[in-house]
Amino acid sequence: MAKNEGRNAIRFFSPKMQALVDAHAAMEAGLRDALAGQALQLFYQPQVDQHGRVVGAEALIRWFGADGRLVPPAEFIPVAEDTGLIVPIGQWVLDTACAQLAVWQALAPGFTLAVNVSPRQFHQPDFVDQVIASVKASGIDPRGLELELTESVILGDLDETIARMEQLRTLGLRFSLDDFGTGYSSLSYLKRLPFDQLKIDQSFVRDMLNDASSETIVRAILGMSASLGLEVQAEGVETAAQRDFLHAQGCRLFQGYLFARPLPLAQWPENPCALQLAAAD
Ligand code: C2E
Ligand code: MG
Ligand code: MG
Ligand code: MG
């Protein structure tokens, strides 16, 4: 009986589910080709200080499919996580970002570059060694490199996570907690993890001027960060009103379409601090 049920379970895979599986497999194959054939690119989105000066950037991956269509990372990063392809992709991102940061640091020594690290990549046994290898090969000053982790990274072994972060921080790297407020981590975890910066998730920034609870959350994050001595960056800042409100609450670092979208390297000037922003005011 059980055997029959097992077979049936496979045979009655619904057409809808089969389509999902097929799409997943096609994307995996496409992503493998993209990695091999240089169809992946990094775009860089500026990060600005309270005076509107460009002080850093976040590297964001872009995949241009065979038809030239841009596949959003929200679609393919989860597939890359599932299949393990995120490991070689993440390594490519790190190597490429470090090489670019070396070029930028030569003209703008204080410039920082943030790189997203996925949980699966972070928990690879040789993750720390690979970061060190990227840093060495590029010759960057490691103090300009920020690794962005999300709260889901904490779902792994907490002591192990702390140990890895500490090892890299000893070299001078910084850690930023991305999408803060959307995960499930408690404040007691946050206190134990050696983050340098929190990034207020864009959903709160988007809603804070119209929604009292989002406003409360933004105020609470800024107040708490100040007392914990953490730097805060707001992401998804689209309007001057949002920037002004955040500034009034003590936020000093901003990223969002108000300043610029993620840009291909060709749109950055040689000295990244000289980038002309679309709408600084
Ligand atoms: P994230 O790290 O939170 O990156 C911020 C996302 O918000 C980016 O989306 C960026 O283009 C978008 N954004 C920036 N400013 C604004 C704004 O003012 N309004 C709105 N509506 N959106 C804004 P993107 O590039 O599509 O990336 C989505 C997510 O994919 C990232 O979220 C990150 O989690 C992941 N991702 C991107 N590149 C990488 C990568 O190299 N490695 C890994 N592991 N994940 C990556
Ligand atoms: Mg920064
Ligand atoms: Mg990020
Ligand atoms: Mg984010």
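Remember, it's 1-based here, ligands and their atoms both numbered in the order they're listed.
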Take atom 7 (O) of ligand 1 and look for protein heavy atoms under 4.0 Å from it; say yes if you find one, no if not.
-> yes
Close side-chain approach of Asp196 to Arg169, heavy-atom, < 4.5 Å = yes
Short side-chain donor-acceptor distance under 3.5 Å, Glu148 and Ser176 = no
Assess Glu81 for proximity to ligand 1: is some non-hydrogen atom of it under 4.0 Å away?
-> no
About how many Å separate CD of Gln105 and CD of Gln100, when rounded to the nearest 0.5 Å?
-> 11.0 Å
Shortest protein contact, atom 16 (C) of ligand 1 (heavy atom only) | Tyr257 CE2, 3.2 Å
Counting each atom of ligand 1 from 1 as listed, which ones have a heavy atom of Val93 under 4.0 Å away?
-> 41 (O)
Residue of the set Gln45, Gln47, Lys199 for which side chain to side chain donor-acceptor pair (under 3.5 Å) holds with Glu58 = Lys199
Sub-4.0 Å heavy-atom approach of Gln202 to ligand 1 = yes
Does the side chain of Thr161 reach to within under 4.5 Å of the side chain of Leu193, using non-hydrogen atoms?
-> yes
Is a donor on one side and an acceptor on the other found under 3.5 Å between the side chain of Gln41 and the backbone of Ile61?
-> no
Side-chain H-bond candidate by donor/acceptor type, Gln130 with Gln124, under 3.5 Å = no
Classify the contact between Ile61 and ligand 1 as side chain, backbone, both or neither, using a heavy-atom distance cut-off of under 4.0 Å.
-> both
Ser118, Ala59, Pro73: member with heavy atom nearest to atom 28 (C) of ligand 1 = Pro73
Which residue and non-hydrogen atom of the protein lie closest to atom 4 (O) of ligand 1, and at what distance in Å?
-> Leu60 CD2, 3.6 Å
Atom nearest to the Mg ion (ligand 3) - Asp178, N, O or S atoms considered | OD2
Kindly indicate, with the supporting measurements, whether the criterion ring-ring contact (aromatic ring centres under 6.0 Å, His included) is fulfilled by Phe43 and Trp268.
-> CA-CA 10 Å; Phe43 277 31; Trp268 281 79; over 10 Å; no
Nearest to the Mg ion (ligand 3) - the N/O/S atom of Glu58, by atom name = OE2
Quick check: does Glu58 get an N/O under 3.5 Å from an N/O on ligand 1?
-> yes
Looking only at non-hydrogen atoms, which of Thr150, Val117, Asn116 approaches atom 43 (C) of ligand 1 most closely?
-> Asn116
Is the distance from the Mg ion (ligand 4) to the nearest N/O/S atom of Glu148 under 2.8 Å?
-> no
Kindly indicate whether the side chain of Phe180, heavy atoms from C-beta on, has any atom under 4.5 Å from the side chain of Asp201.
-> no
Using non-hydrogen atoms of the residue, decide whether Arg261 is closer than 4.0 angstrom to ligand 1.
-> no
Heavy atom of Gly236, distance to ligand 1 below 4.0 Å | yes
Give a yes or no on whether atom 21 (N) of ligand 1 lies under 4.0 Å from any heavy atom of the protein.
-> yes
Is a side-chain N or O of Gln121 found less than 3.5 angstrom from the main chain of Val117, in a donor-acceptor match?
-> no
Is it the case that Gln249 and Arg219 place a side-chain donor and acceptor less than 3.5 Å from each other?
-> yes
Ligand-residue contact atoms, ligand 1 with Asp178, heavy atoms, under 4.0 Å | 1 (P), 2 (O), 3 (O)
Ligand-residue contact atoms, ligand 1 with Glu238, heavy atoms, under 4.0 Å | 17 (C), 18 (O), 19 (N), 20 (C), 21 (N)
Closest to the Mg ion (ligand 4), which N/O/S atom of Glu235 is it?
-> OE2
The atom of Asp179 among N, O or S that is nearest the Mg ion (ligand 4) is OD1
Heteroatom test (N, O or S) for Ser176 near the Mg ion (ligand 3), limit 2.8 Å | no
Carefully, step by step, assess Glu231 and Arg252 under the rule salt bridge (Lys or Arg N to Asp or Glu O under 4.0 Å).
-> CA-CA 8 Å; Glu231 195 175 277; Arg252 296 293 178 260; over 6 Å; no
The answer for which part of Leu42 has a heavy atom under 4.0 Å from ligand 1 is neither
Nearest 0.5 Å please: distance from the CD atom of Gln233 over to the CG atom of Leu177.
-> 12.5 Å
Does ligand 1 have a heavy atom under 4.0 Å from the side chain of Gln45, from its backbone, from both, or from neither?
-> side chain
How does Glu235 reach ligand 1, by side chain, by backbone, by both or by neither, if only non-hydrogen atoms under 4.0 Å count?
-> side chain
Considering all protein heavy atoms, does one lie under 4.0 Å from atom 2 (O) of ligand 1?
-> yes
Within one Ile-Leu-Val-Met-Phe-Trp-Tyr cluster: Val93 and Leu265, side-chain cutoff 4.5 Å | yes
Nearest heavy-atom neighbours spanning Leu246 and Met208 | CG-CE, 3.6 Å
Quick one: does Pro262 get a heavy atom under 4.0 Å from ligand 1?
-> yes
